[in-house]
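Below: the structure, in structure tokens.
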Amino acid sequence: MIQLQDFKNKLTGIRKALEQQLSHPYLQQFIASPPIDEDKLMMLASLLDSIGVDESRTEKYTVTAMLLQIALDTHELVKVSRPGSSEWDLKERQLTVLAGVYYSGLYYKLLAAAGEIELIDMLASGVKTVNENKIIIYQKEADAIEILMDSVKEVEAALVGKVADFCNAGIWKELAANVLFVKRLIDEERLFLETGNSIVFDGLKKLSFPKMEQGLQSLSREQRKHLISVCERYREFAINSIKKAQTHLPGMNATLNERLESILGQHQSMVNFFVEEG
Amino acid sequence: MKLSMVYSYLNADIKIIEKELEETIKAESPLLSEASLHLLHAGGKRIRPVFVLLAGKFGNYEISAMKNVAVSLELIHMASLVHDDVIDDADLRRGQPTIKAKWDNRIAMYTGDYIFARSLELMTKVKNPLAHVILSDTIVELCKGEIEQIKDKYDFDQNLRNYLLRIKRKTALLIAASCQLGAVASGCSEDVHRKLYRFGYYVGMSFQITDDVLDFTGTEKELGKPAGGDLLQGNITLPVLYAMEDMSVRKMITGVHEHMERAEIEEIIRLVKSTGAIEKSLAMSDLYLEKALDVLDGLPPNRAKKTLRNIAKFIGKRKF
């Protein structure tokens, strides 16, 4: 119980330090608070904490990796320019671009001040990988489902994976990659089912039904079922890997364990939903 | 005479840098490679790498080490251009379609982030922590400058201090950092790398003021875009600040908006020119140039020092 509280306190402290870095009065006036992926934050803090990295470095590494993640996530919010956009839209777009650049500058500044040149290098290499794979997904460059799914995994987990590499925490790298991959696939499937739009399902459609030129909305019931079953196959595989990794990481903190159970529960409810819907 | 003639004896090393630039931005994704190379091949003055190389000549100059700094700085500049084109919704740069125009904003963001990441990867080959402190501070300040620029758009009440701080962050700091980092990477003493920083800072200030003047005096062919574009976008530059000292001109300028007719903006350009604001701005540019040349006096004599002097003079007098 004390350990659980102790980790929760650490996590709260790291989150506060991150929010402090993200705070910029002018940006806050015009753009929404930057998106913080709580699972990535928890995964980073857990891995560093579990392998015995001291508190100050755990905070530094988590905050800087998260700043980069937030920088990339912020740039995902940049909208396509449209003629006749309002002045507010224009300013929002401009500041969204700059906010992303600003957060990635802060990651470099914090690590440079700490003399952490190797981690600067590893995280920069992570950003490179993320953007290469984002383009593969966005432009539908993958020529096999395996490649598309690998790209999705890289986009989600490259930065956490680089921190794990930096700390020689191979099992954690595998665990984080699978957890974040499952979470993204759940999000994409939900998006596909609820709105009929999903960049990953769009990619799956292109690879599964290459001759079909219409969008996702034109899929038949059977075709939809096929795409969902492909997605679920990848999820099942990743979930088995997560369960295997859990057995190798007995010291995993209870907060993370709770979160993992919740993600696995979401997966199960998606599967049940689909089975019930037939 | 072309600027490149001033430092033509560096051509062999500049070729190495061009090759390294191309190698560094090659990506696994064909589209990412194409987008990055598209920007690279659109050209550019490569003035930052040149400053790195020349500053390196004050220390233990090894091209194998200097190229990491030179290429990193050029890539940081390139990444910022890609992002700037999304910010400004610009369709043309150096007469070529921008990445955001040729593809879209999303591709431009991915390309800009990719190039930025490659620049830092390369920079980490430099193991001196001071180099990273200098560069990272510069990057953050540069971004703050861009945010300030948006904040100050169409703010006709801003003063000279606002303007100078903005161009310091927007332009001068990266040139100053280029000079300082070249010196740091070649192991120069603190006294020398600080002086080179100051030289770069003054040259950068002079360069940007000249650039802001050219926006009024340059032709569309020279500028690659119609004159008066800065003012139309709400950027209050030095010629505008000086011109607004005349109250009747001020009244006209404060009515500027983005969707103004070409004839109206041309009339305002004519008015700005008629106030003597261009001459006063150029005098300010010259003042910074003189300061830059004064700093050079305190540096050890070598060929690079002469070249830096010539570049500074060229930049101050350039016509486009």
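Because the structure is predicted, anything quoted here is derived from the model rather than measured.
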Any residue meeting side chain to side chain contact (heavy atoms under 4.5 Å, CB included) with Asn168(A), in chain and number order, not counting sequence neighbours: none
What part of [X] gets within 4.5 angstrom of chain B, counting heavy atoms only: side chain, backbone, both, or neither?
| X | answer |
| --- | --- |
| Tyr107(A) | side chain |
| Leu27(A) | side chain |
| Glu116(A) | neither |
| Leu90(A) | side chain |
| Glu132(A) | both |
| Lys79(A) | backbone |

Is there a side-chain contact between [X] and [Y], using heavy atoms and a 4.5 Å cut-off?
| X | Y | answer |
| --- | --- | --- |
| Phe30(A) | Lys151(B) | no |
| Arg106(B) | Val78(A) | no |
| Tyr26(A) | Ile150(B) | yes |
| Tyr114(B) | Val130(A) | no |
| His24(A) | Ile147(B) | yes |
| Gln139(A) | Tyr110(B) | no |

Parallel under 30°, tilted from 30 to 60°, perpendicular over 60°: which one fits the rings of His75(A) and His83(B)? tilted
Ala124(A) and Leu120(B) have their tightest heavy-atom pair at CB-CB, 4.0 Å
Please report the closest heavy-atom contact between Ser29(B) and Glu141(A), naming both atoms and the distance. OG-OE1, 3.0 Å
Near [X] [atom1], under 6.0 Å, is it more than 12 heavy atoms from other residues, nucleotides or ligands?
| X | atom1 | answer |
| --- | --- | --- |
| Glu87(A) | CD | no |
| Glu118(A) | CD | no |
| Glu55(A) | CD | no |
| Gln29(A) | CD | yes |
| Arg194(B) | CZ | no |
| Glu19(A) | CD | yes |

Before you tell me yes or no, could you show the steps for Asp104(B) and Tyr138(A) under side chain to side chain donor-acceptor pair (under 3.5 Å), namely the whole-Å CA-CA distance, both residues' side-chain angles and the distance that decides it to 0.1 Å? CA-CA 11 Å; Asp104(B) 61 24; Tyr138(A) 185 63; 2.6 Å; yes
Pick one of side chain, backbone, both or neither for [X], based on which atoms fall under 4.5 Å of a heavy atom in chain A.
| X | value |
| --- | --- |
| Glu258(B) | side chain |
| Ile139(B) | side chain |
| Leu122(B) | neither |
| Lys153(B) | side chain |

So which of Leu32(B), Val133(B), Asp113(B) has the biggest tally of heavy-atom pairs under 4.5 Å with chain A? Asp113(B)
Chain B contacts, top residue of Leu111(A), Ile117(A), Leu110(A) (heavy-atom pairs, under 4.5 Å): Ile117(A)
Could you tell me which of Ala114(A), Ser104(A), Gly126(A), Ser125(A) has the largest number of non-hydrogen atom pairs under 4.5 Å with chain B? Ser125(A)
Of all the residues in residues 93-103 of chain A, which have a heavy atom that comes within less than 4.5 Å of a heavy atom in chain B? Arg93(A), Gln94(A), Leu95(A), Val97(A), Leu98(A), Val101(A), Tyr102(A)
Judged by atom type as modelled, is there a donor-acceptor pair below 3.5 Å linking the side chain of Asp121(A) to the main-chain atoms of Thr124(B)? no
Side-chain (Arg118(B)) to main-chain (Lys128(A)) donor-acceptor, under 3.5 angstrom: no
